[in-house]
Amino acid sequence: MNLLIYRAFAYIPVSIAISIEVMGPLTAALLTSRQKTDLLWILLSAIGMFLLAAGDINNTIDIRGVAYSVAAALFWGIYVIVGKKVSGGGGRSVAAGMLIAALIAVPLGIAQAGVALLAPEVLLTGLCVALLSSMLPFLLDVYAMRWLPSRVFGVLLSGSPAVSALAGWIILHEELSLTQCGGILSVMAACAGCALFARPRTLS
């Protein structure tokens with residue numbers, strides 16, 4: 001999931017990539033719900049995606065970035081579903097997940113950079129990235145999913161695009177049009193609304 005979204009960042013603004021990525025957990029929530037209000041969240045998310053594309057006056061959207069973001073969305077949706085089930089494992093679940101992720105990511109890194117990965121500064125940077133982008137966030141997610149109601153977790157998750165837009169603006173000097181900002185707000189509203197009002201299906 002992280003590898004895919006990082007690749008997306010290379011082609012499209014961070015906030016747009018995250019706005020697409022949150023479609024994963026939103027879709028997962030909608031697939032397990034059967035409320036009439038689900039149509040509203042679908043409509044809001046569709047409007048958000050349209051505004052993100054329509055507001056691209058600076059040609060910042062690259063189809064490759066969109067493709068990577070969609071793939072990341074798929075894995076994020078799976079992560080939310082599976083994460084809730086394994087959250088009881090706490091740190092052990094995260095450790096197992098990190099081990100599996102390393103088995104996938106390390107060979108890719110070696111194939112791309114080779115022995116350059118063994119340079120002390122590269123190893124230190126990689127360790128910091130691993131801690132800040134994977135281990136700590138996933139560990140906090142696991143405990144949040146264990147202790148917080150699904151609605152609260154979903155509403156907090158809906159703020160990801162706004163936080164990403166702010167970080168992209170401050171750190172990377174990324175600029176979005178007003179239309180794209182409206183698209184991000186629409187996506188956030190869809191995620192928050194779904195988290196608050198969606199009801200899971202019950203087996204009869």
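Expressed to the nearest 0.5 Å, how far CG of Leu26 lies from SG of Cys191 amounts to 4.5 Å.
The hydrophobic clustering, which links ILVMFWY residues whose side-chain heavy atoms are closer than 4.5 Å, places Leu3 and Val129 apart. No path of Ile, Leu, Val, Met, Phe, Trp and Tyr side chains, each step under 4.5 Å between heavy atoms, connects Val163 with Ile5, placing them in separate hydrophobic clusters. Cluster membership check: Ile47 does not share its hydrophobic cluster with Trp41, using side-chain heavy-atom separations under 4.5 Å among Ile, Leu, Val, Met, Phe, Trp and Tyr. A chain of hydrophobic side-chain contacts below 4.5 Å, direct or via other Ile, Leu, Val, Met, Phe, Trp or Tyr residues, connects Tyr11 to Ile63. Ile184 and Ile170 fall within a single hydrophobic cluster, where Ile, Leu, Val, Met, Phe, Trp and Tyr are joined by side-chain heavy atoms under 4.5 Å apart, directly or via other members.
Looking at every heavy atom in both residues, Met49 comes nearest to Ser19 through CE-O, 3.8 Å. Closest heavy-atom contact between Ile18 and Ser164: CG1-OG, 3.2 Å. Heavy atoms only, all atoms of each residue included: Ile12 and Ile61 are closest at CG2-CA, 3.7 Å. Nearest heavy-atom pair, Met188 versus Gly159, reported as atom, atom and distance to 0.1 Å: CE-CA, 4.0 Å. Closest approach of Ile20 and Ala73 over heavy atoms only: O-CB, 3.7 Å. Shown here for Ser15 and Glu174, the closest heavy-atom pair between the two residues is N-OE1, 4.2 Å.
The environment of CG in Leu178 is sparse: at most 12 heavy-atom neighbours from other residues, nucleotides or ligands sit within 6.0 Å. Other residues, nucleotides and ligands contribute only 12 or fewer heavy atoms inside 6.0 Å of the CZ atom of Phe50. At most 12 non-hydrogen atoms from other residues, nucleotides or ligands lie less than 6.0 angstrom from CZ of Phe75.
In this structure, Ser186 contributes its side chain and Leu44 its backbone to a donor-acceptor pair below 3.5 Å.
Side-chain contact check for Ile171 versus Val14: every heavy-atom pair is 4.5 Å or farther apart. Side-chain contact check for Val22 versus Trp76: some heavy-atom pair is nearer than 4.5 Å. When side chains are defined from C-beta on, Val187 counts as touching Met23, because their heavy atoms get closer than 4.5 Å. Within the 4.5 Å cutoff, no side-chain heavy atoms of Leu51 are placed close to those of Leu185.
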### CA sep, side-chain torsions, deciding dist, call: Ile16, Leu176, side-chain contact (heavy atoms from CB on, under 4.5 Å)
CA-CA 9 Å; Ile16 294 179; Leu176 300 175; 4.1 Å; yes

